Enquirer: 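Below you will find the structure I want to go over with you.
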Protein chains: 2
Amino acid sequence: MNIAEVAKRFDLTQDTLRYYEKVGLIPRVNRTSGGTRNYNEYDCGWIDFIKCMRNSGVQVDALVDYVRLFEQGDATADERKKILVREHHRIAEQIAEMQRTLDRLNKKIELYEKDVIPAEKELIIDKKIK
Amino acid sequence: MNIAEVAKRFDLTQDTLRYYEKVGLIPRVNRTSGGTRNYNEYDCGWIDFIKCMRNSGVQVDALVDYVRLFEQGDATADERKKILVREHHRIAEQIAEMQRTLDRLNKKIELYEKDVIPAEKELIIDKKIK
DNA sequence: TATTGCTTTGGAGCCAACTCCAGGTCAAGC
DNA sequence: GCTTGACCTGGAGTTGGCTCCAAAGCAATA
């Protein structure tokens, strides 16, 4: 697979794919004799994983660490697992916070629906919610 | 309330509070004759709301729009509601995506727990998950 | 009133994460 | 072999969202 195909498949730009590789978000991709990237399914597995994590707000640094450890072999499995667990916690906490925000928005939207709210009541809305 | 007290109360820096006001994330705060900000509970209500939204990933622009409309009075209630509904959708979608990521991480962590995974199996892990 | 410290402003600086570009190389069709 | 278009690299530029700073004014305490 050339870079154009991979970019299309994952809805990423070629620049982003090259960036991912450059900073170590994914392991180095094999090249043709001429130096052109030649992606295989293994690479795509990594891209898929990284894109998923990035879309959930996992920091580039954390993922770079993970990939670096991965490349160091089996001995780092424990440390890699710790990263995954830590990021799991972070995401779970973030979901909880966003859920509370949704509740708050729900109440606010409900008030907007009941009667078009005069602007001056805005604070009261927030007071009620608290 | 002076800015120091408000900053402490919301665990924000004074710079952040001034920034919020400068870009229009919160309505203009009243000042003393000398020009010093004098926050009241109304201001705090806004800060609380904005902090909550920002922590859930709502963009500054969207909130600035909301505040601007709010300041234009009752006639904009409909448009304001639309913003809230749109951001509600965005957050709900983001939660869904993060939930899927948690599932994926759970499976991956589980595999790490079963037997310390040789690095070479990394792709297989992702294949299984897919 | 003098000192010490808090607050003001505009604007510069910073960080994460891309995104774009120039100048060059490679490859595929004619 | 030549042209045309895709791909390469290193590095500069951009965006969003703060964060920091200098120079100056205000406030509280002695």
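Chain letters run A, B, ... following the sequence lines, proteins first, then strands; residues in each count from 1. Model, not experiment: these values are computed from the prediction.
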Enquirer: Each nucleotide N or O in nucleotides 11-14 of chain C that has a protein N or O under 3.5 Å away: list the pair and distance.
Expert:
none

Enquirer: Using atom CD1 of B/Ile26 as one end and atom P of D/dC18 as the other, report the distance to the nearest whole Å.
Expert: 12 Å
Enquirer: Side-chain contact, heavy-atom cut-off 4.5 Å: B/Thr16 with B/Phe10?
Expert: no
Enquirer: Which residue, B/Leu25 or B/Arg18, contacts DNA chain D at a nucleotide closer to its 5' end, judged by nearest heavy atom?
Expert: B/Leu25
Enquirer: So B/Tyr39 and B/Ile3, do their side chains get closer than 4.5 Å, heavy atoms only?
Expert: yes
Enquirer: What is the separation between atom OH on B/Tyr19 and atom P on D/dC21, rounded to the nearest whole Å?
Expert: 19 Å
Enquirer: Atom CG of A/Leu63 to atom C1' of C/dA16: distance rounded to whole Å?
Expert: 13 Å
Enquirer: For nucleotides 25-30 of chain D, which of its nitrogen or oxygen atoms have a protein nitrogen or oxygen under 3.5 Å away, and what is each distance?
Expert:
none

Enquirer: Charged N to carboxylate O under 4.0 angstrom, B/Arg100 versus B/Asp103?
Expert: no
Enquirer: So do B/Val67 and B/Leu25 actually touch side chain to side chain, heavy atoms under 4.5 Å?
Expert: no
Enquirer: Just how far, in rounded Å, is C1' of D/dC20 from CG of B/Leu17?
Expert: 15 Å
Enquirer: Indicate whether OP1 or OP2 belonging to C/dC6 is found under 4.0 Å from a side-chain N or O atom of B/Gln14.
Expert: no
Enquirer: Starting from P on C/dC26, measure out to CZ on A/Arg31 and report it in whole angstrom.
Expert: 13 Å
Enquirer: Below 4.0 angstrom, which residues in residues 53-62 of chain A have at least one non-hydrogen atom near DNA chain D?
Expert: none
Enquirer: Output yes when A/Lys81 and A/Asp78 qualify as a salt bridge under the 4.0 Å nitrogen-oxygen rule, no when they do not.
Expert: no
Enquirer: Donor-acceptor pairs under 3.5 Å, side chain of residues 83-94 of chain B to any protein atom, not counting sequence neighbours: which ones?
Expert:
| residue | atom | partner | partner atom | Å |
| --- | --- | --- | --- | --- |
| B/Glu87 | OE2 | B/Arg90 | NH1 | 3.0 |
| B/His88 | NE2 | A/Asn106 | OD1 | 2.8 |
| B/His89 | ND1 | B/Val85 | O | 3.2 |
| B/Gln94 | NE2 | A/Asn55 | O | 3.0 |

Enquirer: I need the CD-C1' distance between B/Glu21 and C/dG10, as an integer number of Å.
Expert: 15 Å
Enquirer: Can you tell me how far C1' of C/dA17 sits from CG of A/Leu12, to the nearest Å?
Expert: 13 Å
Enquirer: Heavy atoms only, 4.0 Å cut-off, all strands: where does A/Arg37 land among base, sugar-phosphate and nothing?
Expert: sugar-phosphate
Enquirer: Could you check whether any side-chain N or O of B/Glu5 sits under 3.5 Å from a backbone N or O of B/Asn2, counting only pairs where one atom can act as donor and the other as acceptor?
Expert: yes
Enquirer: Could you work out, with side-chain contact (heavy atoms from CB on, under 4.5 Å) as the rule, every residue matching B/Asp61, not counting sequence neighbours?
Expert: none
Enquirer: What integer distance in Å separates B/Met1:CE from C/dT7:C1'?
Expert: 17 Å
Enquirer: Taking atom NZ as the centre, does B/Lys82 end up with more than 12 heavy-atom neighbours from other residues, nucleotides or ligands that are less than 6.0 angstrom away?
Expert: no
Enquirer: Report, one line per pair, each donor and acceptor closer than 3.5 Å where one atom sits in a side chain of residues 17-24 of chain A; sequence neighbours left out.
Expert:
| residue | atom | partner | partner atom | Å |
| --- | --- | --- | --- | --- |
| A/Glu21 | OE1 | A/Arg37 | NE | 2.7 |
| A/Glu21 | OE2 | A/Val29 | N | 3.0 |
| A/Glu21 | OE2 | A/Arg31 | NH2 | 3.3 |

Enquirer: Between A/Tyr39 and B/Thr13, which residue's closest nucleotide on DNA chain D lies nearer the 5′ terminus?
Expert: A/Tyr39
Enquirer: Return no unless some side-chain N or O of A/Asn2 is found under 4.0 Å from OP1 or OP2 of D/dC7.
Expert: yes
Enquirer: In terms of the angle between their ring planes, are B/Tyr66 and A/Tyr112 parallel, tilted or perpendicular, with boundaries placed at 30° and 60°?
Expert: perpendicular
Enquirer: Can you tell me how far the CD1 atom of A/Ile26 sits from the CG atom of A/Asp48, to the nearest 0.5 Å?
Expert: 12.0 Å
